[in-house]
Amino acid sequence: MFALVDVNAFYASCEKVFRPDLENKPIIVLSNNDGCVIARNDEAKELGIKMGQPYFTLSPEFISQYAIQVFSSNYALYADMSHRVMETLATLAPNIEIYSIDEAFCQLSYSEQQLSLAWQGKIIRDTIQQHNHLTVGVGIGPTKTLAKLANYAAKKWRKTEGVVVLSERNRQRKLMAITPVAEVWGIGRQLTRQLNMMNIHTAMDLAQLSPYQARKKFNVIVERTVRELNGESCLSLEEVSEPRKQIVCSRSFGEKVTEFIVMQEAICNYTARAAEKLRADGQYCQHITVFIRSSPFTPNTPYYSNYASEILAATNDTRQLLTAAQKILKRIWLEDRIYQKAGVILNDFHHHKLKQFDLFLDHKKQIKNETLMKTIDQINRSNMGKIFFASQGVKGQWHMKQQFLSPAYTTQVKDLAKVKIS
DNA sequence: TCTGGGGTCCTAGGACCC
DNA sequence: TCTGGGGTCCTAGGACCC
């Protein structure tokens, strides 16, 4: 049996853990650059605030009338809280697959002698509540897709008390019959539209489509979803995650960029960050892409979006990547455009054990370069200050907006919560 | 004024090989 | 009259997920 464990309103809940005064207040968390609403608790949902809604569409009057608590994304906090939840979960279920920052699949076993599945779900929920002060929903089913569906039900209906078990076919059918097909894992907006046109509206309707038809009319993914809804497990627990195939570092700008030098600094920063991630994974890349674009929302200004790439000898050396990135930027830069976003993408990875060395480079020098990068990473990970490249600049005019950032309660000594004894 | 970021997988079509 | 069959690799674009 699979269990899908997922933290309720994860980002919003993290903000509340160290702020008990926020209990019962509506909380929203904004995307990078304070652009859109990307997380909201139940109280905020009740006010009709939508997922992905641009922040500027919420009027100051509305915010203050309902005392809505607004936060910028605090990824240092969320990543650390995620870690803690996963650690708790790992003590409760030996086999887990971390699926995203706030959810994990785990394998549960059961037999006559053991605790019932519902009871195991309750233990998971209670323990995470006690250890991490976060509330999770637990969905249990014979396939990942059914576990996801059970988790949806656990969140939607309060009387389930956050745990739903779909081990019996009858219960699966009952739930599927009242669940819109759009809620099924893997069925997004486009597929929903097409399915509705075929008169398929509920998860049950989809389950009744033949796998052959699903494959013929759509693709292999929809076929798999149909099979999984019918209790045939097609997706296994992947405890060891595959190495990444791509690294993207991109941001919208807090203030629009019009000067080349500012854009160059931004690109160099994204490149340096991407290279750092690449080395942390022990990988080398052979392909780098740089893209820049203006805002698609501003009327009466020419929209410009472009990208270009370079092929490299396998590298994870920041200096080589910086050289390539700057070269590409010069190729795609256009004057007199108002840039809103830019980014760097690394592709075509090779693991360090399979690295293809550059025939024309001195091997000893390459070893030296690796040592240099390693040293820089070590210094930057420590608390002794940062080393960066001159091309990254110091002004940071391209930085994103983070007007409502909360403290890094769990990862910065200076931000530790203080207790007053009176 | 103002609209996120980071991933994966699949398919079709083109280019190429023998 | 009439022009094969069987492959691989790469890329762009579209869909999905959180």
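Throughout, protein chains are lettered first and strands after them, A, B, ... in sequence-line order, and every chain is numbered starting at 1. Quantities reported herein were computed from a predicted structural model and do not represent experimental measurements. Because only heavy atoms are used, hydrogens play no part in the values below, and waters and symmetry mates are left out as well, while side chains stay in.
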*Who are the ring-ring contact (aromatic ring centres under 6.0 Å, His included) partners of A:Y409, not counting sequence neighbours?*
A:F18
*For DNA chain B, which residues in residues 194-212 of chain A have a heavy atom at a distance below 4.0 Å?*
none
_I'd like the C1' distance from C:dC17 over to B:dG4, given in whole Å._
15 Å
*Where does DNA chain B pair, written as one dot-bracket string 5' to 3', with Watson-Crick or G-U pairs under 3.5 Å, ( ) inside the strand, [ ] for crossing pairs and | for another strand?*
....||||||||||||||
*Sort and list the pairs that fulfil side chain to side chain donor-acceptor pair (under 3.5 Å) and have at least one residue in residues 78-96 of chain A, not counting sequence neighbours.*
A:E15-A:Y78, A:D80-A:R84, A:D80-A:T410, A:T88-A:N132
*May I ask you to list the residues of residues 229-252 of chain A, by number, that have any heavy atom positioned under 4.0 Å from an atom of DNA chain B?*
A:R244, A:K245, A:Q246, A:I247, A:V248, A:C249, A:S250, A:R251, A:S252
*d(OH, A:Y270; C1', B:dG5) in whole Å*: 11 Å
*Gap between atoms CG and P, on A:L58 and B:dT3 respectively (whole Å)*: 14 Å
_For A:F218, give me all partners under ring-ring contact (aromatic ring centres under 6.0 Å, His included), at least two apart in sequence or on another chain._
none
*For the residue pair A:E228 and A:T145, confirm or rule out a side-chain donor-acceptor distance under 3.5 Å.*
yes
*Pull out every residue in residues 89-103 of chain A that has a heavy atom closer than 4.0 Å to any atom of DNA chain C, ordered by number, or say none.*
A:Y99, A:S100, A:D102, A:E103
*Could you work out which one of B:dG4, B:dT3, C:dC16 sits closest to the side chain of A:F56?*
B:dT3
*Sugar-phosphate means primed atoms, P, OP1 and OP2; the rest is base. With that split, encode nucleotides 7-13 of chain C 5' to 3' as B, S or - using protein heavy atoms under 4.0 Å.*
-------
*Which residue, A:T298 or A:F218, contacts DNA chain B at a nucleotide closer to its 5' end, judged by nearest heavy atom?*
A:T298
*Looking at residues 34-48 of chain A, who's got a heavy atom less than 4.0 Å off DNA chain B?*
A:G35, A:C36
*Going by number, which of residues 67-79 of chain A have a non-hydrogen atom under 4.0 Å from DNA chain B?*
none
_Test of understanding: with ring-ring contact (aromatic ring centres under 6.0 Å, His included), list the residues that count as partners of A:Y55, not counting sequence neighbours._
A:F404
*Residue list, side chain to side chain donor-acceptor pair (under 3.5 Å) with A:K327, at least two apart or on another chain*: A:E310
*Residue A:Q190, side-chain heavy atoms: nucleotide from B:dT3, C:dC17, C:dA15 that is nearest*: C:dA15
